[in-house]
Amino acid sequence: MSKFYIRWWKNQHTIPTDPAEQARLWMTLLEWVRAEQKAGLFKDWGSCVDSGSGYCIAESDELSLQSQLLKYQPFIIFSIKPVLSADQTIESINRAVAAAKG
């Protein structure tokens with residue numbers, strides 16, 4: 001299973017202008033986030049204090065992650081990057097050194 005660093009932003013073009021509707025939409029999205037946390041997909045999730053962006057750490061495979069995130073669109077825009085742990089990074093460096101030695 002891979003880990004992913006996800007930056008997210010609210011899509012301002014899809015946010016309702018009525019404050020009550022904004023709150024309802026945001027609370028619905030947060031209920032989905034809590035469900036993802038309970039299911040183990042989102043290991044960490046946070047909202048920046050500007051309330052318009054944030055981050056998430058997810059553990060999944062690419063196909064499952066995409067399927068789960070599709071429901072947030074078009075309200076949320078994502079930038080997703082796979083990440084390595086410290087141990088994985090060390091292993092990668094060791095492989096590269098061994099390959100360079102031939």
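- Looking at Asp87, its side chain never comes within 3.5 Å of a backbone N or O of Ile90 through a donor-acceptor pair.
- Tyr72 and Leu70 are assigned to two separate hydrophobic clusters, defined by single-linkage of ILVMFWY side chains at heavy-atom distances under 4.5 Å.
- Heavy-atom contacts from other residues, nucleotides or ligands closer than 6.0 Å to CZ of Arg7 number more than 12.
- A ring pair (Phe, Tyr, Trp, His ring centres under 6.0 Å) with Trp8 is found for one member of Tyr55, Phe42, Trp45 and no other, namely Trp45.
- Once rounded to the nearest 0.5 Å, the distance linking CG of Leu65 with CG of Leu41 reads 6.0 Å.
- Proximity of a side-chain donor or acceptor of Lys81 to a complementary backbone N or O of Phe4 within less than 3.5 Å is not detected.
- Under the 3.5 Å distance criterion, the side-chain polar atoms of Ser92 are left unmatched by any main-chain donor or acceptor of Gln88.
- Put simply, the side chain of Leu25 does not reach to within 4.5 Å of the side chain of Thr14, judged on heavy atoms.
- Between Trp26 and Ile15 the shortest side-chain heavy-atom distance does not fall below 4.5 Å.
- With hydrophobic clusters built from ILVMFWY side chains whose heavy atoms lie under 4.5 angstrom apart, Leu84 does not share a cluster with Ile93.
- The environment of CD in Gln73 is crowded: more than 12 heavy-atom neighbours from other residues, nucleotides or ligands sit within 6.0 Å.
- Using a 4.5 Å cut-off between side-chain heavy atoms of Ile, Leu, Val, Met, Phe, Trp and Tyr, with links allowed through other members, Trp32 and Leu30 fall into the same hydrophobic cluster.
- Taking hydrophobic clusters as Ile, Leu, Val, Met, Phe, Trp and Tyr residues chained together by side-chain heavy-atom distances below 4.5 Å, Ile77 does not share a cluster with Leu69.
- Legend: residues meeting ring pair (Phe, Tyr, Trp, His ring centres under 6.0 Å) with Trp9, ordered by chain and number and at least two apart, are absent.
- Under the salt bridge (charged side-chain N to carboxylate O under 4.0 Å, His left out) criterion, the residue pairs touching residues 52-73 are Lys3-Glu59, Glu36-Lys71, with sequence neighbours excluded.
- In this structure, the separation between SG on Cys56 and CG on Asp44 is 7.5 Å, given to the nearest 0.5 Å.
- Take Tyr5 and apply the ring pair (Phe, Tyr, Trp, His ring centres under 6.0 Å) test, not counting sequence neighbours, and it matches no residue.
- With hydrogens and angles disregarded, no donor-acceptor distance shorter than 3.5 Å links the side chain of Glu21 to the backbone of Pro16.
- Inter-residue side-chain proximity for Ser53 and Cys48 is flagged as met; some heavy-atom pair is nearer than 4.5 Å.
- The closest donor-acceptor contact from the side chain of Asn11 to the backbone of Pro74 lies under 3.5 Å.
- A donor-acceptor pair under 3.5 Å is absent between the side-chain atoms of Ser64 and the main chain of Ser60, judged by distance alone.
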